[in-house]
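So you know, we letter chains A, B, ... as the sequences are listed, proteins then strands, and number each from 1.
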2 protein chains.
Amino acid sequence: MEKLSRKEQIKTVAARLFRKRGFKATSMRDIAKAMDMEAPSLYNHISSKRQLLEELLMSIAQSFILGMKEVKEAPLNSLEKLERLIKLHVDITIDHTDAVSLLTNEWVHLEGGAALDFNALKDDYEKDFKGILMACIKEGHLKEVNADLAMFSILSTLRWLYSWYSKNPNVNKIDLEQQMVKLLIPTRNE
Amino acid sequence: MEKLSRKEQIKTVAARLFRKRGFKATSMRDIAKAMDMEAPSLYNHISSKRQLLEELLMSIAQSFILGMKEVKEAPLNSLEKLERLIKLHVDITIDHTDAVSLLTNEWVHLEGGAALDFNALKDDYEKDFKGILMACIKEGHLKEVNADLAMFSILSTLRWLYSWYSKNPNVNKIDLEQQMVKLLIPTRNE
DNA sequence: TAATTTAGCTAACAATCGTTAGCTTTGCGC
DNA sequence: GCGCAAAGCTAACGATTGTTAGCTAAATTA
């Protein structure tokens, strides 16, 4: 029941502003004003603006990597794993809407090692995702489709889910999970 | 066979840089360097950085609005219209990849009247799109689905098509059109 | 050829940026 | 109540930003 640390509060506010105006267009003074303080005071809790973005992105990316790991190791068939992946996206999106939006829009502003690390995580994740999707096709669970394009389409929809959720914030999580599964998994007849 | 005006050249280069680094992270000096000139010289051809973004966005938005108008007025049934809309996105994306990417990522940096105008166009477009999609469902061409979510999913995929196309630049336009139609239109059995 | 427009340049501006230095206040453990 | 760490403040820095002023060279037109 402990309160969020001051640093976590700053990160939450920063995520909201980064999402609304973009990372580069959000100044430290903007963040400070939203926290009711002066910009230099922020530096008692964080070390730089860059670090703010890096920690926000890496933390969310790790959530996806961890979720993927659990799905891969679960005793499920490939179609069930795909379902679980879709639900994973829905859950993380609902719980961390602002930070998830940064994952699609603001990662370009990472620099140096953080950019490399992030891209490595992204590549790993997409490779795993594709493996599961292709297993679905091979095992006959899905319509014959261009696997690359299908994955691209599914991930595109999941990436933009945060914006849909923001316009429909009262949707039930379980409902949304089920609707997304039904929408995104192109099952064969029946 | 006339060459692009200097202003058009600048806009093309700006679109490429805005896409790669983002509007706010691209300086006039960046654009100038890419054009092999000095930043102040740009102002012999354009009036401001803002105007550059506004004209790029509005011009592409008009392409979509115009395409939508033609589709709406064409003597086609609703399913054929939906197909035509998908092909419209494919065509514009292939022909103006960089500018299309700004449509999804950089419109947040519009200000004042331009922001209002842009959002009005976007709302109109999505309303028309939804009308055609719902006609498809009512006429029984599509599986019963949550129309809002279905439209959201289709538009998400089409919005990110530019990034897929950039990784697969050698794809044939007609092929891509047909694959996208097959992928995005959830036809009933068969 | 003279005149005028086109297209570039350098220098410099005011504003804003992220960040640092150095100081004061607050709140808690002893 | 004292000491100390945590958390705030003001002032100010160097860098970068979009943009203007004023000039020059080249190209076009008369």
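- In the model, B:D98 has no side-chain atom that pairs as donor or acceptor with a side-chain atom of B:S101 under 3.5 Å.
- Residue A:T26 is classed as a sugar-phosphate contact, given heavy-atom separations below 4.0 Å to backbone atoms only.
- Considering only the side chain of B:K49, D:dT19 comes nearest among C:dG18, C:dT10, D:dT19.
- Side-chain contact between B:R6 and B:M37: present, with at least one pair of heavy atoms (C-beta onward) separated by less than 4.5 Å.
- Contacts of A:S27 with the nucleic acid, taken as non-hydrogen atoms under 4.0 Å apart, involve only primed sugar atoms and P, OP1 or OP2.
- The base of D:dG18 sits within donor-acceptor range of the side chain of B:R29, with an N or O pair under 3.5 Å.
- Between the P atom of D:dT17 and the CG atom of B:L42 lies a distance of 13 Å, rounded to the nearest Å.
- At a threshold of 4.5 Å between side-chain heavy atoms, the hydrophobic network of Ile, Leu, Val, Met, Phe, Trp and Tyr places A:M134 and A:V71 in two separate groups.
- Contact check, A:S41 against D:dC9: a side-chain N or O comes under 4.0 Å of OP1 or OP2.
- For A:E38 and D:dT10, the CD to P distance is 5 Å, given to the nearest whole Å.
- Residue A:Y43 contributes atom OH, which lies 3 Å from atom P of C:dT19 at whole-angstrom precision.
- Aromatic rings from B:H89 and B:F64 are positioned such that their centres are separated by under 6.0 Å.
- Residues A:K49 and A:F18 meet the side-chain proximity criterion, which asks for heavy atoms closer than 4.5 Å.
- Taking only side-chain nitrogens and oxygens, A:H45 comes nearer than 4.0 Å to OP1 or OP2 of D:dG8.
- When rounded to the nearest whole Å, the span between CG of B:N44 and P of D:dC23 equals 15 Å.
- Taking atom CZ on B:F18 and atom C1' on D:dG18, their separation rounds to 12 Å, with Å as the unit.
- As rounded to whole Å, 8 Å separates atom P of D:dG18 from atom CD1 of B:I31.
- Each of A:P40 and B:S47 was matched to the nucleotide of DNA chain D holding its nearest heavy atom; the match closer to the 5' end belongs to A:P40.
- Here D:dT10 presents its P atom at 12 Å from CE of A:M37, a figure rounded to the nearest Å.
- In this structure, the CD1 atom of A:I46 is 16 Å from the C1' atom of D:dA6, given to the nearest Å.
- Comparing A:R6 and B:F23 against DNA chain D, the residue whose closest nucleotide sits nearer the 5' end is A:R6.
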